[in-house]
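In what follows, every chain begins at residue 1, and chains take the letters A, B, ... in the order their sequences are listed. Side chains included, hydrogens not; waters and symmetry mates left out as well; all remaining heavy atoms used.
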Amino acid sequence: MSESQFFEDVWAVVRMVPRGRITTYGAIAKYLGATKSSRMVGWAMNASHFRTDVPAHRVVNRNGLLTGKNHFESADSMALLLNAEGILVVNDCVVDFKKHFWDPEDQL
DNA sequence: GTTTTGACGGCGG
DNA sequence: TCCGCCGCCAAAA
């Protein structure tokens, strides 16, 4: 494996996120047993750019803020994608974040 | 080789 | 409740 297994695990979890739902870096990190390593999840997302099957737009921080929107093709593409899935985004923040939140542990 | 930074979040004060 | 420090670890400077 060229990349760390951790990265691939992160991508696997992100792929599980249902359409119209979102999750957080911390939730993914916790699911992988590395609660404090939420930063690495962010790195994994950055590395997921060459992976078209990883819906990174469904991953936001715990505040529901689109912290990674600046890393997308366009600054607004992330909010646009979420909006297309029925998730309302205002001021780079997900409306009813808690309502759309999807916890990977819920999949267990 | 060392230091800083980064798509975060938990914990302490 | 709000503010600030710490941890985690990989990549870039």
Side-chain angles (χ1 to χ4, degrees):
Chain A
M1 305 307 251
S2 353
E3 300 87 14
S4 300
Q5 184 63 40
F6 184 79
F7 279 37
E8 296 187 7
D9 286 339
V10 171
W11 297 333
V13 175
V14 176
R15 269 191 286 262
M16 291 194 302
V17 180
R19 187 182 178 285
R21 288 295 200 71
I22 53 180
T23 190
T24 69
Y25 304 94
I28 295 170
K30 186 176 183 181
Y31 175 81
L32 297 177
T35 313
K36 301 181 199 167
S37 301
S38 48
R39 273 183 154 155
M40 296 300 91
V41 178
W43 268 127
M45 293 283 96
N46 188 22
S48 74
H49 262 272
F50 63 99
R51 299 247 173 172
T52 54
D53 55 327
V54 178
H57 61 277
R58 293 178 187 157
V59 184
V60 298
N61 73 344
R62 67 174 178 90
N63 299 314
L65 192 66
L66 277 55
T67 52
K69 73 157 200 159
N70 206 9
H71 290 266
F72 279 74
E73 307 173 19
S74 303
D76 295 333
S77 61
M78 187 172 183
L80 226 59
L81 286 166
L82 290 173
N83 208 347
E85 296 187 358
I87 299 176
L88 190 60
V89 177
V90 177
N91 197 358
D92 300 333
C93 190
V94 176
V95 180
D96 293 330
F97 160 71
K98 195 173 181 180
K99 189 174 173 183
H100 294 289
F101 176 68
W102 178 84
D103 196 331
E105 293 181 355
D106 186 60
Q107 186 69 17
L108 299 176

Margin query: Going 5' to 3' along DNA chain C, which are the first and last nucleotides with any atom under 4.0 Å from a heavy atom of chain A?
Written below: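 First-to-last contact on DNA chain C, by the 4.0 Å heavy-atom rule, is C/dG7 to C/dA10.
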Which heavy-atom pair separates [X] from [Y] by the least distance, and what is that distance?
X: A/S37; Y: A/F6; answer: O-CZ, 4.3 Å
X: A/R21; Y: A/H100; answer: CD-O, 3.1 Å
X: A/F72; Y: A/S77; answer: CB-OG, 3.1 Å
X: A/A27; Y: A/D103; answer: CB-OD1, 4.3 Å

With heavy-atom distances below 4.5 Å as the criterion, would you say the side chains of [X] and [Y] are in contact?
X: A/F97; Y: A/I87; result: no
X: A/R19; Y: A/R58; result: yes
X: A/I22; Y: A/V17; result: no
X: A/T23; Y: A/Y31; result: no
X: A/D76; Y: A/K69; result: yes
X: A/V54; Y: A/M45; result: yes

Would you measure the distance from the [atom1] atom in [N] across to the matching atom in [M] and give it in whole Å?
N: B/dA7; M: C/dC3; atom1: C1'; answer: 23 Å
N: B/dG1; M: C/dC8; atom1: P; answer: 23 Å
N: C/dC5; M: B/dT5; atom1: P; answer: 15 Å

Note to self: When you compare the side chains of A/H57 and A/E85, does any donor N or O come within less than 3.5 Å of an acceptor on the partner?
What the structure shows: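 Yes.
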Note to self: If I take atom OG from residue A/S38 and atom CG from residue A/L32, how far apart are they, to the nearest 0.5 angstrom?
What the structure shows: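 Going from the OG atom of A/S38 to the CG atom of A/L32 covers 11.5 Å.
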Checklist line | Paired stretches of DNA chain C - 3 or more consecutive Watson-Crick or G-U pairs, each distance under 3.5 Å | finding: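 Stem list for DNA chain C: B:2-6 with C:9-13, B:8-13 with C:2-7.
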Check: Which residues in residues 60-86 of chain A have at least one heavy atom lying under 4.0 Å from any atom of DNA chain B?
Finding: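 Contacts with DNA chain B under 4.0 Å: A/N61, A/R62, A/T67, A/G68, A/H71, A/F72.
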Checklist line | Members of residues 92-108 of chain A that approach DNA chain B, where some heavy atom sits under 4.0 Å away | finding: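 Residues of residues 92-108 of chain A that come under 4.0 Å of DNA chain B do not exist, since none gets that close.
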Item checked: Flag if over 12 foreign heavy atoms under 6.0 Å of CD, A/E73 ->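 At most 12 heavy atoms, drawn from other residues, nucleotides or ligands, come within 6.0 Å of this atom.
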Check: Near DNA chain C, which residues from residues 19-47 of chain A have a heavy atom under 4.0 Å away?
Finding: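 Those residues are A/K36, A/S37, A/R39, A/M40, A/W43.
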Margin query: When you group the ILVMFWY residues by side-chain heavy-atom contacts below 4.5 Å and let the links chain together, are A/L65 and A/V89 in the same group?
Written below: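 Different hydrophobic clusters.
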Checklist line | Sequence-distant partners of A/A44, side-chain contact (heavy atoms from CB on, under 4.5 Å), two or more places apart | finding: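 For A/A44 the side-chain contact (heavy atoms from CB on, under 4.5 Å) partners, ignoring immediate neighbours, are A/F7, A/V10, A/W11.
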Note to self: Taking any heavy-atom pair under 4.0 Å as a contact, classify A/H57: base, sugar-phosphate, or nothing.
What the structure shows: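 Nothing, no nucleic acid heavy atom in range.
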